There are 2 protein chains.
Amino acid sequence: MTRRSFLGTLALTSVAPRWSAQVRGRRVNIGSLIGRITNVKLYGAERPWAGANRVAYSDADVEARGYVMRLMTAAGVQPRIDAAGNIFGRRPGSDPSLAPILFGSHIDSVPNGGAFDGTLGALAALGVIEDCDFEGIGTRHPLEMVIWAHSEHVAFNRGLAGSRIAAGDVAPSDFDEVWNGMRRADAIRKIGGDPDRITEASIRPGSVHCYLELHVEQGPVLERLDVPIGVVEGIVGVDRHHVSIAGVSRPAGSTPMDERRDALVAASHLTIAVRDAVVRAAAAVTGTVDRLDMEPNAPGMVPGTVRLTIDLRGMSDAPLRAIAADIAGRAAAIATGTGTSITIAEPSRSAPVATTDALREAIERAAASLRLKTAPLASGLPHDAQRIARLAPMGMIFVPSAGGVTHAPDEQTSPMLCSYGADVLLRTVLDVDRSLPDRLGGPAGAEA
Amino acid sequence: MTRRSFLGTLALTSVAPRWSAQVRGRRVNIGSLIGRITNVKLYGAERPWAGANRVAYSDADVEARGYVMRLMTAAGVQPRIDAAGNIFGRRPGSDPSLAPILFGSHIDSVPNGGAFDGTLGALAALGVIEDCDFEGIGTRHPLEMVIWAHSEHVAFNRGLAGSRIAAGDVAPSDFDEVWNGMRRADAIRKIGGDPDRITEASIRPGSVHCYLELHVEQGPVLERLDVPIGVVEGIVGVDRHHVSIAGVSRPAGSTPMDERRDALVAASHLTIAVRDAVVRAAAAVTGTVDRLDMEPNAPGMVPGTVRLTIDLRGMSDAPLRAIAADIAGRAAAIATGTGTSITIAEPSRSAPVATTDALREAIERAAASLRLKTAPLASGLPHDAQRIARLAPMGMIFVPSAGGVTHAPDEQTSPMLCSYGADVLLRTVLDVDRSLPDRLGGPAGAEA
């Protein structure tokens, strides 16, 4: 890929608005938004055109959090850090009996990541509050922005850590875990949290009216559809099947082809079978062999052992299970054919999480008010929103990622598209405040 | 595999001699041979039933070398260490104008290796000289045993180091290489060599009448054929093709199946194609993908890059090149089909080495005198003999490895089979001394 300067990229991709939304009225300040995204990226980035490097709990993460809190303070939004290190900022509503409308995202990044992943939604949330102030818009519900701590799965064992803790998913043993020479308890202190009072970070179900998140798609679907706004149907369930293939390692030169039990040959058939089973099922499922390690992995030796992981993702359980059964059947035949033994462990599962109908409808109305096309799509990656869905109705807005690139320096969403996404978030917040019932109901569904 | 004590293994496998050689006369002392193999294995082995651990230049290697040199001295064979660390021991012949008949093997091992690999041939060489002494047999040629230093490819970058240096394949830069905290020059000093006089270790072509080596097969062929003696036709050529597959790494959950450029799917097709191309060629060739590494090898990410190595081995170049061309054609189709790019670098090549006709015939006569069946076979693994073949006529004798196991604690060759191998070596040496021309000719051929 051509390396271009970060600012050059923004300039180049800001042309050609095919879905031009020439609508006056409530708009998030796009100049501020893009300038702030650019500034956040410079914390930890070696050069302006290098990847984002704000791994959670790093010095760059702490510095970027400080920058965003200064922006909040300047905008009259007092930042509050909870015991988990999540940053909240509230703008009061007119009805003190109503729970806040919560919206935001994260600003930590993967190593050498993209500028927009998380940061777009986090800074658009501030932009929403600023625009309400600028235009003198009052809301019935309090508006509360949030920047979740440690969302990317880089530091420590469990990602989405800030929102996970908010959802009450935390164990005392977590705090003794050491990563990068740092205890988790100290890491949380480093970003202003308080591990000794961690239970205070739990969000009580019902205490939030709803949660909304704007995020880049991190996939190619919206761009391919030529649609600027994705209305997220839910976050896929993930079944990870850990597979162990036992063959026999012998010297390659002295072991005739018909006497081999080559674990890599078996793994190769299985990798192709996974793809074939998923493609044939023609369901909205992805299937990937994403990890593979073999032994002895040595010159002149037939591979004796392969361990690999099959990652299946989809919005509903039935096709995931049907495909897993298909793969298991094929694996048995492959084992027989290759003289190996193939063991597939019970998968680790995270259940699919559906977004709330009423919020999807509000997002559609907001996009329609801006004359922006929408498309429904599932999120194939985890988001903080999936944890918060346990506590409150939840909705997500996606904007396209150029070429589907993410977690890389080349990740791009044009300023125009960022603007559309922020405006849809703003208008959805206002729509929810005015038109939706004061109680949207319980948490979002666990399955579509 | 059942874990049995090392001595127990020897006892259990010493029964059932199907090729019983009830022949009187010249025999290597099998009790001494097995006892010594057992003793050598105890240097560096954590427990009697653990694998051999005498990596070249380790303390255990040095101790085992000391033990063998004491055995040589006790047998009246004065050990001499050359500048490369190879150990020689000569028994004079009656005709001072004749070059020595050289025979031996190595005693260094891979980590957690087998007891017989190398050690059988090295100690059988001593047994041959002892039997000649015991029976008062004089030879016209001097008999010279050799224990090559650093034969296994574990320490430093280039294996077969002692015999390689003897063949003149040594560069000044080799001595600065550091492995395991040790400079190669110091490693050679540690085993009694002298890197400052390394050129003195070169063996002048014509200064050795011939070279013979007894070794375990390290493969399943002889056992499958139910034949105790393999007459080695040559040592295979090895072409190693380094392959780089470039796909595109994207999040698995957000990248639809039909938009993927999955490097592991391409690598899987290629691995199967390698096997298929070799099997279809129906030549005496093996083909193996023996190394594979992929990136990012991370949960939830489509594999973006795979680097793998295709190892092709055979006794003649033509089928190796035809199969490589077949694989290259299939790789191009796989790249197109998977949207990846596949680059196959020019292979690293080691040429096949044929054994000398007259020596194969002498081995056949020796086996026949013991009423032992023989089978011709190629060595699929490198041996010191392939280096020495540059300097002198060369022959190799194989005995079966149970189950084809090698480089593992379970490597086994029964005492009976060890005895047969040693006796064939003894009788071949005597046959060569008496019946073959004083000059067998030049070095062994470079290709069968």
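Residue numbering restarts at 1 for every chain, and letters A, B, ... go by the order of the sequence lines. This is a predicted model, so every value here is computed, not measured.
- In this structure, the separation between CZ on A:Arg291 and CE on B:Met294 is 7.5 Å, given to the nearest 0.5 Å.
- There is no contact between A:Val236 and chain B, counting heavy-atom distances below 4.5 Å.
- When every heavy atom of B:Asp311 is checked against every heavy atom of A:Ala252, the shortest pair comes out as OD1-CB, 4.3 Å.
- In terms of heavy atoms, B:Gly300 sits closest to A:Arg240 at N-NH1, 3.6 Å.
- Your options are A:Arg313, A:His407, A:Glu217, and the one with the most heavy-atom pairs under 4.5 Å with chain B is A:Arg313.
- Of the listed residues A:Pro303, A:Ala408, A:Pro296, the one with more heavy-atom pairs under 4.5 angstrom with chain B than any other is A:Pro303.
- B:Ser254 pairs in a side chain to side chain contact (heavy atoms under 4.5 Å, CB included) with only one of the listed residues (A:Leu381, A:Thr286, A:Leu377), which is A:Leu381.
- Residues A:Val221 and B:Pro256 meet the side-chain proximity criterion, which asks for heavy atoms closer than 4.5 Å.
- Looking only at distances, no side-chain donor or acceptor of B:Ser268 sits under 3.5 Å from a matching main-chain atom of A:Ile272.
- Contact annotation for A:Asn297: both backbone and side-chain heavy atoms come within less than 4.5 Å of a heavy atom of chain B.
- For the pair B:Arg275 (side chain) and A:Met257 (backbone), a donor-acceptor distance under 3.5 Å is present.
- The candidate with the highest count of non-hydrogen atom pairs below 4.5 Å against chain B, out of A:Thr255, A:Val278, A:Leu264, A:Val265, is A:Leu264.
- For the set B:Val274, B:Asp293, B:Leu292, the count of heavy-atom pairs under 4.5 angstrom toward chain A peaks at B:Leu292.
- When heavy atoms are compared at a cutoff of 4.5 Å, A:Val248 does not approach chain B at all.
- Contact of A:Ala298 with chain B is made through the backbone alone, with heavy-atom distances under 4.5 Å.
- Chosen from B:Gly287, B:Ala284, B:Ala267, the residue pairing most often with chain A at heavy-atom distances under 4.5 Å is B:Gly287.
- Both the backbone and the side chain of A:Val289 come within contact range of chain B, each with at least one heavy atom under 4.5 Å from a heavy atom of that chain.
- Chain B forms more heavy-atom pairs under 4.5 Å with one residue of A:Ser401, A:Pro299, A:Ser379, A:Ala378 than with any other, namely A:Pro299.
- Remark: B:Asp262 CG to A:Thr288 OG1 distance equals 7.0 Å, nearest 0.5 Å.
- Shortest non-hydrogen contact noted between B:Arg250 and A:Gly403 is NE-O, 3.5 Å.
- Counting non-hydrogen atoms of neighbouring residues, nucleotides and ligands closer than 6.0 angstrom, the CZ atom of A:Arg261 reaches no more than 12 such neighbours.
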